[in-house]
There are 2 protein chains.
Amino acid sequence: MRIEEDKLRDYLKSKGLKFTPERQLILKEVFSIHRHFEVDDLFIRMRRRDNRISRSTLYRTLRLLVECGLLREVLFEERHSHYEHILGHEHHDHLLCLGCGQVIEFSNSSIEKLQSKVCGEYKFQPQGHRLQITGYCRKCR
Amino acid sequence: MRIEEDKLRDYLKSKGLKFTPERQLILKEVFSIHRHFEVDDLFIRMRRRDNRISRSTLYRTLRLLVECGLLREVLFEERHSHYEHILGHEHHDHLLCLGCGQVIEFSNSSIEKLQSKVCGEYKFQPQGHRLQITGYCRKCR
DNA sequence: ATCCAATTGCAACTAAAACTCAATAGCAAC
DNA sequence: GTTGCTATTGAGTTTTAGTTGCAATTGGAT
Ligand SMILES: [Mn+2]
Ligand SMILES: [Mn+2]
Ligand SMILES: [Zn+2]
Ligand SMILES: [Zn+2]
């Protein structure tokens, strides 16, 4: 709770932006969610607690949280964004079950190394990547 | 030109659907494009040739072409779909330059094998995957 | 305490895609 | 070839996700 707030405060200060009550509330709610979430999940949770933050402010603040490295945007096979914490989580990729919608996280350092190798071959400077395998989980296959 | 038309015809027949002039025109235009394209590219190209197909029909037909295995939907870092041919192209993944927007295709069988291995570990039955590396190409780095 | 730039919420807007529906047209059966 | 049923079409409307403009408000540096 302190670490993420500090990180946001530092980022905002460095850009001449302000740490508002709205941003504090959103940050708190975001870090009380321990799974992938979407904007509307957040909106509804905040409404339940009677924190009446507008959707505009949510969208604007989530962008800031991604920029300052607290969150990552995750695109599943849908037309809207999902988010997950970066702070306190190792990099990973996703298996996505088409049956039950379950998301399984995995990480594989050999794959990561081979990705670097591919980038080297193309003289491409990687900045990030997204690996997503769709299919059916143990229960749904 | 024959092979893709046969594939579409077969698929349509198997589903009790019809091979209409509109679908034929769209198929022809789609296979005259030899790069990634989006719906509006297709729409504009067809207008230029005075093939006045509605956007609704384009959206509906592209879905059919994906279903029957002629096209693949590709999601770059944008909020709308792109497409590419499957017929006559090996499976590949993409490097995406954030500078110039260039898309570089690559394929790496070791990565593919490791993906299978990961799926095995989770008893996950893969159906497809998407690997996208963002960064900067040789010219833009 | 003052002041100005940043922020907020709301409404209006946008882009991509899906849906509704009346008119039309494949195509299989006769 | 005609008929009839169902799929298809285009135009317009709706939905979804997100962005933008703006007037009122406020954080926080001085
Ligand atoms: Mn995750
Ligand atoms: Mn490609
Ligand atoms: Zn499942
Ligand atoms: Zn480039």
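Numbered from 1 within each chain, the chains take letters A, B, ... in sequence-line order. In this text the structure is predicted, and so the values were computed from the model without any measurement.
Residues His94(B) and Glu105(B) meet the side-chain proximity criterion, which asks for heavy atoms closer than 4.5 Å.
Around the CZ atom of Arg138(B), the shell of radius 6.0 Å holds no more than 12 heavy atoms that belong to other residues, nucleotides or ligands. Within 6.0 Å of the CD atom in Glu90(B), the count of heavy atoms belonging to other residues, nucleotides or ligands does not exceed 12.
Rounded to whole Å, atom P of dA18(C) lies 13 Å from atom CD of Glu78(A). As rounded to whole Å, 17 Å separates atom P of dA17(D) from atom CZ of Arg63(A). Atoms CD (Gln24(B)) and C1' (dT8(D)) sit 15 Å apart, rounded to a whole Å. If you take NZ of Lys13(A) and P of dG27(D), they are 15 Å apart, rounded to a whole angstrom.
The backbone N or O of Gly128(A) lies less than 3.5 Å from a partner atom in the side chain of Thr134(B), making a donor-acceptor pair.
Atoms OH and CG, from Tyr83(B) and Leu75(B) in turn, are 9.0 Å apart once rounded to the nearest 0.5 Å.
A salt bridge is absent between Glu4(B) and Lys7(B); no separation between the charged side-chain nitrogens and carboxylate oxygens falls under 4.0 Å. Taking the charged nitrogens against the carboxylate oxygens, Glu29(A) and Arg49(A) do have a contact shorter than 4.0 Å, which makes a salt bridge.
For the ring-ring contact (aromatic ring centres under 6.0 Å, His included) condition, the pairs that include at least one residue of residues 117-141 of chain A, sequence neighbours left out, are His91(A)-His129(A).
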For this session: Let me have a per-nucleotide readout for nucleotides 6-16 of chain C, 5' to 3', with B, S or -, counting only protein heavy atoms under 4.0 Å.
Result: BSBBBB----S
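Each end of the helix from dA1(C)-dT30(D) to dC30(C)-dG1(D) yields a helix axis from five base pairs, and these two axes differ in direction by 30° (to the nearest 10 degrees).
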